[in-house]
*Asks:* 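Would you mind keeping the following structure in view while I ask a few things?
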2 protein chains.
Amino acid sequence: MNKTQVQTIADIARLAGVSKSTVSRALNDSPLIGDETKVRIRQIAKDNNFQINVPARRLSMKKSSTIAFVTHAFHKDFSVADLFTLEILSGITSTLYQNRYDLLMANVDPFDTEWPYQYLSTGRADGFILMTSTRKQLHIRTLVEMEAPFIAWGVPNPKYNYCTVTGDNFNGGRLATEHLLGIGRKRIAFMGGPAMELEVQHRYDGYEHALREAGFDPDPHLVLYGEFCSESGTALMNQFLDQASDLDAVFANSDLMAIAAMKILQSRGRRIPDDVAVVGYDNLSITEESHPPLTTVSQNIRTSGIMLAKNLLQYLETGVVINVSVPVDLVIRESA
Amino acid sequence: MNKTQVQTIADIARLAGVSKSTVSRALNDSPLIGDETKVRIRQIAKDNNFQINVPARRLSMKKSSTIAFVTHAFHKDFSVADLFTLEILSGITSTLYQNRYDLLMANVDPFDTEWPYQYLSTGRADGFILMTSTRKQLHIRTLVEMEAPFIAWGVPNPKYNYCTVTGDNFNGGRLATEHLLGIGRKRIAFMGGPAMELEVQHRYDGYEHALREAGFDPDPHLVLYGEFCSESGTALMNQFLDQASDLDAVFANSDLMAIAAMKILQSRGRRIPDDVAVVGYDNLSITEESHPPLTTVSQNIRTSGIMLAKNLLQYLETGVVINVSVPVDLVIRESA
DNA sequence: CTGAAAGCGCTTACAG
DNA sequence: CTGAAAGCGCTTACAG
C-alpha cells in the first residue's frame with residue numbers, strides 16, 4: 001500500500017541520525033528535546049508519511065485510548081427510539097476524535113454482567129459510555145462495584161457515586177407546561193414514561209410546579225405513566241380520553257408517545273392543536289415530519305454527546321466524579 | 001478492579017507449570033498441544049478469570065482484528081436519512097462480534113483523502129466498511145488506488161474492482177411498479193434519486209420493465225430526478241402535479257421523499273391512496289408512523305449489514321472480490 | 001508434544 | 001538535551 005519503507009520510529013531514527021528515544025520524544029512533543037531537533041525529526045516523519053503503530057504504543061503505555069459505547073440499541077427489537085442513540089453519537093465521536101481517542105461499538109447482552117471485563121481487562125477500552133436502557137441499574141451497579149470508569153446518560157442513582165450527563169428534566173416539564181398554559185390550556189394531561197424513572201419524576205415536578213404557579217392543582221385523572229414507546233402513547237391516550245374527555249392539552253414524555261397520541265386524538269375526532277394541543281419530548285428528527293409537526297422539548301442531544309465524551313475523559317484523568325445536566329429548550333412547531 | 005494478580009500468560013504458565021509458549025498455544029487451540037494439557041490450562045485460565053491483553057496480541061500478530069465503519073452521517077447536517085445507517089449497524093456489529101472483530105466508528109471529513117492511512121498504517125483497523133454518501137466515488141477511488149481492503153454499500157462502479165453489497169434495485173423498481181399496476185393505477189410517476197446514481201437507474205429499469213410488461217410506454221412527464229431527502233420529495237411532487245396532474249400513483253426512491261410527497265398531495269387535496277397511491281423505498285422504521293402508513297420496498301437492511309461484515313472478512317482472508325445484491329420485498333401498508 | 005528465545009514497535013526510567 | 005537498554009504481553013519459528 002504505502003510503498004515507502006519508512007514504517008517505524010527506528011527508520012526515522014536512522015534517517016535523522018538520532019536514537020529511537022529521541023524520535024519518540026520528538027513525536028510526542030517532549031520538552032526534553034531541543035526545538036530544532038524536534039522540528040527536523042517531525043519534518044522527516046511527515047515527508048515519509050510516517051504513521052505510528054498504535055497497538056505498540058498502547059501496549060507500551062498500558063492505555064488503549066479508546067472508549068466503548070455500550071448499547072443494546074442494535075441488538076434486537078430495533079425501534080425508532082434508537083434515533084436518540086444515533087444522534088448522540090455525533091457529539092461523542094467528534095469530541096473523542098479531537099482528544100485522539102477511538103470509539104468502539106459495544107453491543108452487549110442486556111442480561112450479561114461479564115462484558116466489562118471483555119473490554120477493560122483485555123486492554124480494548126479505557127472506559128465506557130453507557131447508553132443502554134434495558135436493565136440499566138443492573139449495569140450501573142456492576143460497573144460501580146468493579147470500579148470500572150464509565151459515564152452514563154440519565155439522572156444519577158443516589159445510591160452510587162458515578163459520572164452522569166442528563167437533560168434538565170425539571171425545566172423540561174416546566175417549559176412544556178408553561179407553554180401550554182400560555183396558549184390558554186387549562187386541562188393539561190401528563191403522559192409519563194415509567195413512573196419509577198427519576199427523569200420522569202423530575203418532569204412531573206416541573207409540570208406540577210408550572211401548574212401551581214398558574215394557580216391550578218394537579219388533577220390525578222390527568223396523570224398516567226407508561227413506557228416511552230408508541231404503543232404506550234396509544235394506550236395512554238385512549239385511557240385519557242376515556243377518563244378525562246375534557247382535556248385540552250397533552251404533555252407527552254417522548255416524541256414517540258406524542259406522535260402516537262396525536263394519531264389517536266385525530267382518529268377520535270379531535271383537531272390538533274385547536275381542540276387538543278400536544279407537546280413531546282426529545283426533538284428527534286422525525287418530529288418535523290409528523291402530522292402536524294410536533295412542538296417538543298429539545299434535549300440538545302449533540303451537546304449531551306459532547307459532555308458525555310468530555311467528562312468521561314476528564315474523569316479518566318482526574319478521578320473526580322462529575323454530574324451535569326444539559327439545558328433544554330422548547331421547540332415550537334404546529335402541534336401546540 | 002480485578003483483584004486477582006493473574007493478568008498475563010506468564011502467570012498462567014507458572015500456575016500450570018508449563019511455558020508461556022504452551023499457554024499461548026493452548027489458549028489459541030493449537031493442534032500442537034495435547035488434549036489434557038489444553039483442557040487443564042484453559043481451566044486454570046477460566047478459574048482465574050484471565051483476559052488476554054489485546055494490544056499485545058495485535059502487535060505480535062500485526063493484525064488489529066478491527067474494522068472501521070466509515071460514515072459522514074454524524075458529521076453535520078444530520079438527517080433522518082441516517083436511520084438507514086443506524087439500522088445497518090445492527091447486522092454489522094453482531095457479525096463482527098461473532099468473528100471476534102471489533103468495530104471502530106470512523107467519522108471522516110468528506111473531502112479528506114488521507115484518512116485511510118490514519119487507520120491502516122497505524123494498525124488501528126484492518127479494513128473499512130464504507131457507508132458514506134458524500135463524495136463516495138472519490139473515496140472509492142482513493143481506497144482502490146491505495147489497495148486498501150474495504151467493502152462499500154451500493155452498486156459497484158464498473159471502472160474498479162472492489163467488494164460491494166447492494167439492494168436488488170431492479171427488482172425493487174419492478175415490485176413497486178407491479179404492485180401499483182396491480183391495484184389498477186395507470187399513470188405512475190417515477191420520483192427518482194440522483195439520475196447519475198446506478199441504483200437509481202436500476203430502479204428506473206425495473207419501473208420501465210414492469211410498465212412495458214403491462215403494455216404501457218413510460219411517459220417522460222412522469223419521470224423526475226432529485227435527491228433522496230424530504231426537501232427534494234416536496235419539490236418534485238409539486239412539479240409532478242403541475243406537469244402531470246392526472247397521475248394516480250407515485251413511486252418514490254426513498255421513504256423520506258415519499259413521506260414529503262404525501263404531505264404535498266394531501267395539502268393539494270388528493271386523498272391517499274384513493275386518488276394517488278404512494279410507494280416508498282427503504283422501509284425505515286418511520287414508515288409505520290407516517291400518515292397514512294407507507295407501503296414501501298424493504299431493503300432487508302439487517303441482512304445487508306450481515307453481508308457487509310461477512311464478505312469483508314472473507315475478502316481479508318482470501319483476497320477474492322465479492323459483489324452481492326440483497327433481495328428486496330414489498331411491504332404493503334396503507335398508502336398503496 | 002513442549003520450551004527457550006527472538007521479535008512485534010513503541011515508551012521511559014536511568015545514566016550521562 | 002540525548003542514547004542504550006529494559007520492558008509492555010503476546011506469538012511463533014526453531015530446536016528438541
Side-chain angles (χ1 to χ4, degrees), chain A residues 2 4-42 44-45 48-66 100 102 117 120-124 126, chain B residues 2 4-42 44-45 48-66 100 102 117 120-124 126:
Chain A
N2 188 356
T4 65
Q5 292 308 321
V6 181
Q7 310 286 20
T8 74
I9 60 169
D11 298 326
I12 305 287
R14 198 170 3 86
L15 289 172
V18 296
S19 71
K20 291 193 300 174
S21 321
T22 301
V23 174
S24 174
R25 292 188 179 108
L27 262 21
N28 288 308
D29 207 16
S30 157
L32 289 177
I33 304 294
D35 272 348
E36 77 278 38
T37 322
K38 201 180 280 186
V39 169
R40 192 167 58 86
I41 291 176
R42 293 181 153 213
I44 292 173
N48 291 278
N49 197 17
F50 170 72
Q51 302 283 349
I52 205 170
N53 183 296
V54 168
R57 178 164 223 268
R58 289 176 178 169
L59 172 60
S60 185
M61 300 187 75
K62 299 185 142 210
K63 175 182 177 209
S64 69
S65 292
T66 109
R100 318 180 113 256
D102 284 333
Y117 294 107
L120 246 29
S121 313
T122 58
R124 269 193 180 87
D126 298 332
Chain B
N2 188 356
T4 64
Q5 291 307 322
V6 180
Q7 309 286 20
T8 75
I9 60 169
D11 299 326
I12 305 287
R14 198 173 359 89
L15 289 172
V18 296
S19 71
K20 290 193 301 173
S21 320
T22 300
V23 173
S24 175
R25 291 189 180 108
L27 261 21
N28 288 308
D29 206 16
S30 157
L32 288 177
I33 304 293
D35 271 351
E36 77 278 38
T37 323
K38 201 179 279 184
V39 169
R40 191 167 58 87
I41 293 176
R42 293 181 153 213
I44 292 173
N48 291 279
N49 197 17
F50 170 72
Q51 302 282 348
I52 205 170
N53 182 295
V54 169
R57 178 165 223 269
R58 289 177 178 168
L59 173 60
S60 185
M61 300 188 73
K62 299 187 139 205
K63 175 182 176 208
S64 69
S65 292
T66 109
R100 318 179 113 257
D102 284 333
Y117 295 106
L120 247 27
S121 312
T122 57
R124 269 193 179 88
D126 297 332

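In what follows, every chain begins at residue 1, and chains take the letters A, B, ... in the order their sequences are listed.
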*Asks:* Let me spell it out: for each of Ala56(B) and Ser21(B), pick the nucleotide of DNA chain D with the closest heavy atom. Which residue's pick is nearer the 5' end?
*Replies:*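 Its nearest nucleotide being more 5', the pick is Ala56(B).
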*Asks:* Do Lys20(A) and Val23(A) come close enough that some side-chain heavy atom pair is under 4.5 Å?
*Replies:*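 The answer is no, as the side chains (C-beta and beyond) never meet within the 4.5 Å cut-off.
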*Asks:* By a strict heavy-atom criterion of less than 4.0 Å, which residues belonging to residues 27-39 of chain A are in contact with DNA chain C?
*Replies:*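 Listed by number, they are Asn28(A).
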*Asks:* NA contact type, Arg25(B), heavy-atom cut-off 4.0 Å: base, sugar-phosphate, or nothing?
*Replies:*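 Answer is base: heavy atoms of Arg25(B) come under 4.0 Å of a base.
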*Asks:* How many angstroms lie between atom CD of Gln51(A) and atom CG of Leu120(B), to the nearest 0.5 angstrom?
*Replies:*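 The CD atom of Gln51(A) sits 10.0 Å away from the CG atom of Leu120(B).
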*Asks:* Is Ile9(B) close to Phe50(B) at the side-chain level, that is, under 4.5 Å between some pair of heavy atoms?
*Replies:*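 Phe50(B) reaches Ile9(B) side chain to side chain.
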*Asks:* Reckon Val54(B) touches a base, only the sugar-phosphate, or nothing at all at heavy-atom distances under 4.0 Å?
*Replies:*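 No contact.
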*Asks:* Say whether, by atom type as modelled, one donor and one acceptor occur between the side chain of Arg124(A) and the main chain of Ser64(A) under 3.5 angstrom.
*Replies:*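 Looks like no, no N/O pair under 3.5 Å.
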*Asks:* Would you indicate whether the side-chain heavy atoms of Asp11(A) and Asn48(A) approach each other to under 4.5 Å?
*Replies:*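 No. Closest side-chain heavy atoms not under 4.5 Å.
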*Asks:* Is a donor from one side chain sitting under 3.5 angstrom from an acceptor on the other, for Ser24(B) and Ser21(B)?
*Replies:*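 Ser24(B) vs Ser21(B): no donor-acceptor pair found between side chains.
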*Asks:* Quick check: do Asn53(B) and Thr8(B) have side-chain heavy atoms less than 4.5 Å from each other?
*Replies:*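 Contact flag for Asn53(B)/Thr8(B) side chains = no.
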*Asks:* Report the residue (Leu59(A) or Thr22(B)) whose heavy-atom-nearest nucleotide on DNA chain C is the more 5′ of the two.
*Replies:*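 Here Thr22(B) is the residue nearer the 5' end.
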*Asks:* On a whole-Å scale, what distance lies between the C1' atoms belonging to dG16(D) and dT12(D)?
*Replies:*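 The same atom, C1', in both gives a distance of 16 Å.
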*Asks:* Between Gly17(B) and Pro55(A), which is nearer to the 5' end of DNA chain C once each is assigned its nearest nucleotide?
*Replies:*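 With Pro55(A) and Gly17(B) compared, the 5'-side residue is Gly17(B).
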*Asks:* Report yes or no: does Arg100(A) contribute a side-chain atom to a donor-acceptor pair with the main-chain N or O of Ser65(A) at less than 3.5 Å?
*Replies:*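 Such a contact is absent between Arg100(A) side chain and Ser65(A) backbone.
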*Asks:* Treating Lys38(B) as the side-chain partner and Arg25(B) as the backbone partner, does any N or O pair qualify as donor plus acceptor under 3.5 Å?
*Replies:*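 Not confirmed, Lys38(B) side chain does not pair with Arg25(B) backbone.
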*Asks:* Where does the chain A footprint on DNA chain C start and end, counting 5' to 3' with a 4.0 Å heavy-atom cut-off?
*Replies:*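 The protein-touched segment is dG9(C) to dC14(C).
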*Asks:* CD1/Ile12(B) to CD/Gln7(B) distance, rounded to the nearest 0.5 angstrom?
*Replies:*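 So the CD1 of Ile12(B) and the CD of Gln7(B) are separated by 9.5 Å.
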*Asks:* What base-paired stems does DNA chain C take part in, with at least 3 consecutive Watson-Crick or G-U wobble pairs and both distances under 3.5 Å?
*Replies:*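 If one scans DNA chain C for consecutive Watson-Crick or G-U pairs, the stems found are C:1-3 with D:14-16, C:5-12 with D:5-12, C:14-16 with D:1-3.
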*Asks:* Please tell me if the side chains of Arg42(A) and Asp29(A) come closer than 4.5 Å, counting only heavy atoms from C-beta onward.
*Replies:*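 Heavy-atom side-chain distance check passes, below 4.5 Å.
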